[in-house]
Every structure is written in structure tokens, then in C-alpha cells.
Amino acid sequence: MLVRDAMSTVVLTIGPAHTLRQAARLMAARRVGAAVVLDGDSGLGILTERDILNAVGAGQSPDLETAGAHTTTEVVFAAPSWTLEDAAEAMAHGGFRHLVVMDRGEPVGVVSVRDIIRCWAPARRHAGTVAG
């Protein structure tokens, strides 16, 4: 199975000036765990629910802290044609749970660990039924 089959095509994009609270509200409303941060100066980055949690847990104000201050800019991108195994390996190697999926230089989706598990679980269940 390929990344294009598992990825969410709901790509939330925000700017670096969004506060963490604004980002969290938008992520919750769209039921996504990550936002793509578009910054004209530094390019494309990602802000995840974990980034917001870490900031709040450290006592930082979600109303004062900006997305840009907590964005990961050294992003590993996936292609829609990657296998889910490729995506899982990149996530495990990099220690993260989301990959921005790029096609022709544009973000077209986000694939998460949850997306991969959702695809693999039925296949593994079916394989166990057939083998058993």
C-alpha cells in the first residue's frame, strides 16, 4: 500500500504568526494532529500537537507563543508514491509521527502513524484469518 492510499488530504496550513492557541483550535476543528506552517522566509515547516503540548507543559503561554517559534523546519517529506513501509521507516528513524506529503513542490497531504496503523490493521487481520 502507498502513502497516497493512507494520507489525509486535509492539509491545515497556518502562518508562523498564529498563536499556539489559534493553531490548536484549527487543528481540533479539522481533527488533525499537525499543521503545515508556511513561512515566506524559512519555507515550509510542521507544527504538531506534541509541539503545542511541550510548550504548554513548559509553562509557555499558548496565547503569546507563536507557531513559528515551535515549528520544526528540518522536515522529512514523503512522496505519494512511497510505500507505507518507507513512511514508517522514516518516522521511526526520525522519531516523529507525521510526514508532510509533497507532490510537485506542493503539500498534498499528511500521513501519520495512525493512518498507517489504520491501513495495516485490517490487512494483518485478514492475513491471520487466511493463514489460520
Side-chain angles (χ1 to χ4, degrees):
M1 189 168 277
L2 302 178
V3 164
R4 74 170 48 91
D5 302 319
M7 71 183 193
S8 169
T9 56
V10 176
V11 180
L12 171 61
T13 57
I14 63 173
H18 278 82
T19 66
L20 293 184
R21 185 176 308 279
Q22 290 169 326
R25 282 186 181 145
L26 291 168
M27 291 164 66
R30 287 171 180 78
R31 300 179 55 87
V32 297
V36 174
V37 181
L38 297 176
D39 186 341
D41 296 330
S42 62
L44 191 122
I46 190 167
L47 178 75
T48 68
E49 56 199 358
R50 183 179 290 173
D51 297 325
I52 295 170
L53 182 67
N54 286 341
V56 172
Q60 297 173 323
S61 170
D63 295 311
L64 299 176
E65 291 294 315
T66 63
H70 297 276
T71 296
T72 300
T73 55
E74 294 181 20
V75 180
V76 175
F77 299 105
S81 59
W82 279 19
T83 66
L84 293 185
E85 288 82 4
D86 292 336
E89 185 177 318
M91 290 177 186
H93 183 263
F96 44 80
R97 299 178 299 166
H98 298 86
L99 286 170
V100 177
V101 183
M102 300 289 284
D103 191 21
R104 297 184 186 114
E106 296 293 322
V108 295
V110 175
V111 66
S112 69
V113 170
R114 181 178 293 157
D115 296 326
I116 294 171
I117 290 170
R118 187 177 58 241
C119 290
W120 279 351
R124 301 239 191 272
R125 232 185 346 264
H126 178 69
T129 304
V130 172

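Minimum interatomic distance between Gly95 and Arg50 (heavy atoms only, all atoms of both residues): O-NH1, 4.1 Å. In terms of heavy atoms, Leu47 sits closest to Ala23 at CD2-CB, 3.6 Å. Across Arg118 and Ala6, no two heavy atoms sit closer than the pair NH2-O, 3.6 Å. The minimum heavy-atom distance between Ala78 and Leu99, with the atom names listed, is CB-CD1, 4.0 Å. The heavy-atom pair separating Ser8 from Asp115 by the smallest distance is N-OD2, 4.1 Å. When all heavy atoms are compared, the tightest approach of Val75 to Gly45 is CG2-CA, 3.7 Å.
In this structure a side-chain-to-backbone donor-acceptor pair under 3.5 Å is present from Thr48 to Asp51. For the pair Thr72 (side chain) and Glu74 (backbone), a donor-acceptor distance under 3.5 Å is absent. His93 places no side-chain N or O within donor-acceptor distance of the main-chain N or O of Ala90, the cut-off being under 3.5 Å.
One hydrophobic cluster, built from ILVMFWY side chains closer than 4.5 Å, holds both Leu84 and Met7. Put simply, Trp120 and Val110 are part of two different groups of oily side chains (I, L, V, M, F, W, Y) that touch within less than 4.5 Å, one to the next. Under a hydrophobic-cluster definition in which Ile, Leu, Val, Met, Phe, Trp and Tyr are linked whenever side-chain heavy atoms come within less than 4.5 Å, directly or via other members, Leu53 and Leu20 are assigned to different clusters. Residues Leu2 and Val108 do not share a hydrophobic cluster, clusters being chains of Ile/Leu/Val/Met/Phe/Trp/Tyr side chains in contact below 4.5 Å. Cluster membership check: Ile117 does not share its hydrophobic cluster with Val32, using side-chain heavy-atom separations under 4.5 Å among Ile, Leu, Val, Met, Phe, Trp and Tyr.
Between Glu49 and Arg97, some side-chain heavy-atom pair lies under the 4.5 Å cut-off. With contacts defined as side-chain heavy-atom distances shorter than 4.5 Å, the pair Ile46/Thr71 does not qualify. In this structure, Phe96 and Val76 have side chains that are in contact, with non-hydrogen atoms separated by less than 4.5 Å. The closest side-chain heavy-atom distance from Leu44 to Val36 is below 4.5 Å. For the pair Met91/Ile116, a side-chain contact is recorded, criterion being any heavy-atom separation below 4.5 Å from C-beta on. Residues Arg21 and Ile52 have side chains not in contact (no heavy-atom distance under 4.5 Å, counting atoms from C-beta outward). Side-chain contact between Ile14 and Gln22: absent, with no pair of heavy atoms (C-beta onward) separated by less than 4.5 Å. Contact check for His98 versus Val111: no side-chain heavy atoms found under the 4.5 Å cut-off.
In this structure, OG1 in Thr19 is found 10.5 Å from NE2 in His70, a value given to the nearest 0.5 Å.
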